[in-house]
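All remarks here apply to the structure that follows.
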Amino acid sequence: MRLLAIESSCDDSAIAYLDVNRRGIRRLEHVVASQAIHAKYGGVVPEVAAREHATTMPFLLDAIAEKVIGSTDGRRLGRVVDVVAATRGPGLITSLKVGLDTAKALTAAWNKKFIGVNHIAGHIYSNWLPGAALDRAYDKQYPLSEAERSRRGSNGASVKGLFPALVLVVSGGHTELLLMRGHGKFKLLGATLDDAAGEAFDKTAKLMGLGYPGGPQLSKLAAAGNPKVYDFPRPLLHEKNDAFSFAGLKTSVRYFLREHEEQLTDEKFRADVAASTEQAIVDVLKKKTVRAAERLGVKTILLAGGVAANSKLRTELGELLAERLPKARLVLPPLKYCTDNAAMIAVAAYFRAETGHFDDWRRADADAGWELGRSS
Ligand code: KG4
Ligand code: ZN
């Protein structure tokens, strides 16, 4: 099955081409254009983002066509596509519409099948992309038969025996624990009551005068610091639920920095504050995830979203799981597919297409608040 997928939910415009079957991925091409313009505003400006998507999308289409067929001939590109997919939500409504409408126009012009994808499901499916840590530790625990190994292909796209899985989604807009019972079967267990984990990183980084998006920069600064120097709050850590809250942590760091303003130019102080903040966020995320995994008895834990690129979270979640649930398998998305991209949207669409369910493109509307796995 050959899919063309478009992502435009926030400030990254992206298109991917995926040729995949049950044995695995045969070909994957993807292009992303990140909007640098928002850095000067210290955050994403929705109106500006939508205009940038509209300006960029035709060039991205040319770029993906060049990669796939070696020319920008749109009609020829259409001949090697079976399904068109696009992110339909959640996200910024005006941003979503640009990618979705582009996809709908291509669906109509090429007379193809169409699938509208949930952005968070997309992040989760980044764990099925080449480079995801699917094989190592788990293979030692549960050796695969030769038959199953060949079914998997090289990338794990058809991996069996993963479910039930627990998913920790940590992005700029979302922090959630979901139970995944099978492909496309999600149940929301708990979410953040206020800020997302990515926001906690970004807002603290902003307080410290770092650029936007601040997550990677705060994490870089933290690497030189001691995470044990300052004891910032770990909200809801001891509550017996799957909810998160990060607004209090940010406020606490803000007051702390105000009281120690004179030290803000001291590199050691800055690194220690960054490291202690990062440790507080990672502690809450890893402990609540492992607790939920123990309670639910899942086989697999999947990490997803932009903050999944954080190396402390990747390492410490793995260490805690190895200690507390040695038989469970942790899957980490490849670093390059942690933040927004269209390859993950294409894989999510593939697993839906496999069930034979497609969407009517004429009725597919952007849904800014589309919640994955909320029982209705
Ligand atoms: O998933 P994503 O690209 O966009 C949303 O759908 O929100 O996530 C972006 C978020 C930002 O908050 C960014 O600061 C954070 O992911 N992020 C990180 C790291 N890389 C990206 N946070 C901490 N450490 C990182 N290495
Ligand atoms: Zn995202």
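As the structure lists them, so they are numbered: ligands from 1, and atoms in each ligand from 1. Here the structure is a predicted model, which is why all the values come from computation and not from measurement.
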Handout entry: Shortest-distance N, O or S atom of Asp340 relative to the Zn ion (ligand 2)
Key = OD1
Practice task
Step through the shown structure and confirm whether more than 12 heavy atoms of other residues, nucleotides or ligands are within 6.0 Å of CD on Glu262.
Solution key: yes
Practice task
Evaluate whether atom CZ of Arg51 has more than 12 neighbouring non-hydrogen atoms of other residues, nucleotides or ligands under 6.0 angstrom away.
Solution key: no
Practice task
Answer with side chain, backbone, both or neither: which part of His174 has a heavy atom less than 4.0 angstrom from an atom of ligand 1?
Solution key: neither
Practice task
Report the part of Asp202 (side chain from C-beta onward, or backbone N, CA, C, O) that has a heavy atom under 4.0 Å from ligand 1; answer both or neither where that applies.
Solution key: side chain
Problem - Glu278 touching ligand 1 at heavy-atom level, < 4.0 angstrom - result: no
Exercise for the section: Check His30 against Ala16 and note the closest heavy-atom contact, atom names and distance. Expected result: CB-CB, 3.8 Å
Sidechain-backbone polar pair: [X] side chain, [Y] backbone, donor-acceptor under 3.5 Å:
{"X": "Lys286", "Y": "Leu313", "result": "no"}
{"X": "Glu323", "Y": "Leu325", "result": "no"}
{"X": "Arg270", "Y": "Leu264", "result": "yes"}
{"X": "Asn127", "Y": "Leu303", "result": "yes"}

Please confirm whether [X] comes within less than 3.5 Å of ligand 1 when only nitrogen or oxygen atoms on both sides are compared.
{"X": "Ser219", "value": "no"}
{"X": "Gly173", "value": "yes"}
{"X": "His119", "value": "yes"}
{"X": "Pro213", "value": "no"}
{"X": "Phe201", "value": "no"}

Identity and separation of the nearest protein heavy atom to [atom]:
{"atom": "atom 15 (C) of ligand 1", "result": "Val307 CG2, 3.9 Å"}
{"atom": "atom 21 (C) of ligand 1", "result": "Gly306 O, 3.4 Å"}
{"atom": "atom 2 (P) of ligand 1", "result": "Asp340 OD1, 3.5 Å"}
{"atom": "atom 24 (N) of ligand 1", "result": "Asn310 ND2, 3.1 Å"}
{"atom": "atom 22 (N) of ligand 1", "result": "Gly215 CA, 3.5 Å"}

Handout entry: Asp359 bridged to Arg363 by N-O distance under 4.0 Å
Key = no
Problem - Close aromatic pair by centroid cut-off 6.0 Å: Tyr212 and Tyr41 - result: no
Quick one: which ligand 1 atoms are inside 4.0 Å of a heavy atom on [X]?
{"X": "Gly198", "value": "12 (O)"}
{"X": "His123", "value": "1 (O), 6 (O)"}
{"X": "Thr339", "value": "3 (O)"}

Problem - Side chains of Thr72 and Glu66, donor plus acceptor under 3.5 Å - result: no
Exercise for the section: Check each of Ala197, Cys338, Gly172, Ala309 against atom 5 (C) of ligand 1 and report the one with the nearest heavy atom. Expected result: Gly172
Handout entry: Close side-chain approach of Asp194 and Thr192, heavy atoms under 4.5 Å
Key = yes
Fill in the blank from the handout: NE2 (His123) to the Zn ion (ligand 2) to NE2 (His119), nearest 10°, is 90°
Practice task
Name the orientation class of the two ring planes belonging to Tyr125 and Phe351 (parallel below 30°, tilted from 30 to 60°, perpendicular beyond 60°).
Solution key: parallel
